[in-house]
Amino acid sequence: DTHLLKINYNQNVLCPDGLKRKAQKQKEEDINAYNHIWLGECRSANDVVIYSGKWEILDYKVDIDLDIQSLTFEGHSKRVRYGIDIGGTSPTAVIELFTHGNCIYIHNEIYKTDMSAEDTTAEMLRVMPLCMSPIAKITGDNNNVAFLNGMKRNRVVDGVEYPALNIKTAQKGQGSVLLGIKYIRSFKRIYVHPRCKNMIMELKHYSYKVHSKTGEVIRDNIVKKYDH
């Protein structure tokens with residue numbers, strides 16, 4: 001007869017506390033990697049999807065006061081952040097988010113084709129009026145600096161004149177995409193408001209490449225799709 005017993009680090013009374021903390025951190029950041037590395041489970045198809053197991057849809061509530069340009073969540077005033085990815089043949093995408101309790105809350109989105117710099121600014125002012133807050137952080141794609149510069153102008157929208165948006169250009173270099181993924185995965189959870197349908201679609205499909213012969217997940221190579 002054969003008696004099969006599976007033992008992991010959490011049954012090892014001699015496992016150092018440092019390794020236990022490392023395992024717990026991995027569990028919070030990437031449950032699929034934790035199951036594979038620390039519990040010895042097989043990789044699954046979900047490992048291909050970059051943010052698999054890391055996010056969920058949540059219909060949460062916030063209080064917005066446009067008079068003082070503030071967003072409050074669970075009694076805490078939050079700094080709102082914006083990311084702009086300028087479309088060429090693909091849509092231009094803008095997301096509005098804030099962080100709370102080491103979690104990311106994706107609050108709103110713009111996702112449209114054939115948008116000029118003026119169109120994008122006007123849409124942000126209509127859909128995301130807190131972008132005018134003096135503490136808002138707006139970061140734009142550095143692949144089209146001329147487009148971003150076109151957004152940094154005073155605008156008249158619906159008869160109201162607005163000052164220029166305070167947009168900073170993202171600093172990208174070799175490996176910046178993978179570093180960005182690692183940074184986002186370091187958050188405990190990503191919550192996405194149900195109205196952000198395109199963000200939900202991208203989180204479901206944004207994936208690593210897979211070796212055509214071995215089926216191995218290539219974690220330093222990203223499929224160039226669903227990548228706003």
Side-chain angles (χ1 to χ4, degrees), residues 25-37 41 43-62 71 73-74 78-113 115 120 123-124 127-128 130-131 137-143 170 172 175-210 215-228:
K25 187 173 187 294
Q26 179 110 64
K27 184 178 181 180
E28 293 173 357
E29 294 180 357
D30 190 335
I31 189 64
N32 293 324
Y34 167 80
N35 289 337
H36 177 61
I37 295 169
E41 296 182 5
R43 289 282 193 184
S44 70
N46 286 339
D47 295 334
V48 176
V49 180
I50 292 171
Y51 295 113
S52 174
K54 197 69 183 176
W55 67 278
E56 64 183 274
I57 301 169
L58 181 66
D59 190 2
Y60 58 87
K61 306 297 182 184
V62 300
L71 180 148
F73 178 69
E74 295 186 349
K78 310 307 299 184
R79 184 183 190 185
V80 186
R81 302 168 187 268
Y82 300 86
I84 305 170
D85 190 10
I86 302 159
T89 55
S90 62
T92 290
V94 184
I95 62 167
E96 178 181 56
L97 63 90
F98 60 90
T99 60
H100 179 76
N102 197 35
C103 296
I104 296 174
Y105 289 78
I106 299 176
H107 187 61
N108 214 338
E109 70 173 10
I110 297 167
Y111 194 91
K112 291 186 176 183
T113 56
M115 293 184 75
T120 305
E123 190 72 3
M124 285 184 69
V127 178
M128 306 168 173
L130 288 177
C131 67
K137 184 175 182 181
I138 309 174
T139 306
D141 188 355
N142 69 350
N143 289 330
K172 293 183 181 179
S176 60
V177 172
L178 294 175
L179 286 173
I181 290 170
K182 183 178 180 180
Y183 173 70
I184 293 172
R185 289 202 63 92
S186 72
F187 285 85
K188 186 176 180 180
R189 200 74 174 152
I190 303 168
Y191 296 107
V192 188
H193 197 280
R195 66 172 154 259
C196 301
K197 300 186 185 304
N198 293 288
M199 187 75 252
I200 292 167
M201 175 188 67
E202 298 211 348
L203 286 169
K204 285 180 177 178
H205 295 96
Y206 188 42
S207 302
Y208 298 109
K209 287 189 176 180
V210 177
E216 179 186 0
V217 178
I218 308 172
R219 291 185 171 266
D220 60 354
N221 204 336
I222 311 298
V223 176
K224 190 64 179 171
K225 195 174 182 182
Y226 302 106
D227 59 348
H228 283 92

Do you know the tightest heavy-atom contact between [X] and [Y]?
X    : Y    : value
V210 : I218 : C-CD1, 4.1 Å
M128 : V94  : CE-O, 3.6 Å
L58  : P194 : O-CD, 3.5 Å
T99  : K78  : O-CE, 2.7 Å
G87  : T92  : N-OG1, 2.9 Å
A93  : Y111 : CB-CD1, 3.9 Å

Once you round to the nearest 0.5 Å, how far does [atom1] of [X] lie from [atom2] of [Y]?
X    : Y    : atom1 : atom2 : result
N142 : S176 : CG    : OG    : 8.0 Å
I106 : I190 : CD1   : CD1   : 6.0 Å
Y206 : S52  : OH    : OG    : 14.5 Å
K54  : R189 : NZ    : CZ    : 8.0 Å
L130 : M124 : CG    : CE    : 10.5 Å

Problem set entry | K112 (side chain) donor-acceptor with T120 (main chain) under 3.5 angstrom |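 Not at all, since once roles are kept as given, no pair shorter than 3.5 Å links the two residues.
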Exercise. Can we call the ring centroids of H193 and Y105 under 6.0 Å apart?
Worked result: no
Problem set entry | Stepwise side-chain contact (heavy atoms from CB on, under 4.5 Å) check, Y208 with I222 | CA-CA 4 Å; Y208 298 109; I222 311 298; 3.6 Å; yes
For this session: State, yes or no, whether a side-chain contact exists between I104 and I184 at a heavy-atom distance under 4.5 Å.
Result: yes
Exercise. How about I95 and C196: do any of their side-chain heavy atoms sit closer than 4.5 Å?
Worked result: no
For this session: Assess whether side-chain contact (heavy atoms from CB on, under 4.5 Å) is satisfied between I110 and M115, documenting all intermediate values.
Result: CA-CA 11 Å; I110 297 167; M115 293 184 75; 4.3 Å; yes
For this session: For I138 and I84, run side-chain contact (heavy atoms from CB on, under 4.5 Å): C-alpha distance rounded to whole Å, both residues' side-chain angles, the deciding distance at 0.1 Å, then the answer.
Result: CA-CA 8 Å; I138 309 174; I84 305 170; 3.7 Å; yes
Exercise. With sequence neighbours left out, what residues match K188 under salt bridge (charged side-chain N to carboxylate O under 4.0 Å, His left out)?
Worked result: none
Exercise. How would you list, by chain and number, every residue that makes a salt bridge (charged side-chain N to carboxylate O under 4.0 Å, His left out) with R195, sequence neighbours excluded?
Worked result: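 Partners of R195 under the salt bridge (charged side-chain N to carboxylate O under 4.0 Å, His left out) test: none.
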For this session: Go through the steps to decide whether Y51 and E202 satisfy the test side-chain contact (heavy atoms from CB on, under 4.5 Å), and finish with yes or no.
Result: CA-CA 10 Å; Y51 295 113; E202 298 211 348; over 6 Å; no
For this session: Please say which of F73, Y191, Y82, Y60 ends up in a ring-ring contact (aromatic ring centres under 6.0 Å, His included) with H107.
Result: Y60
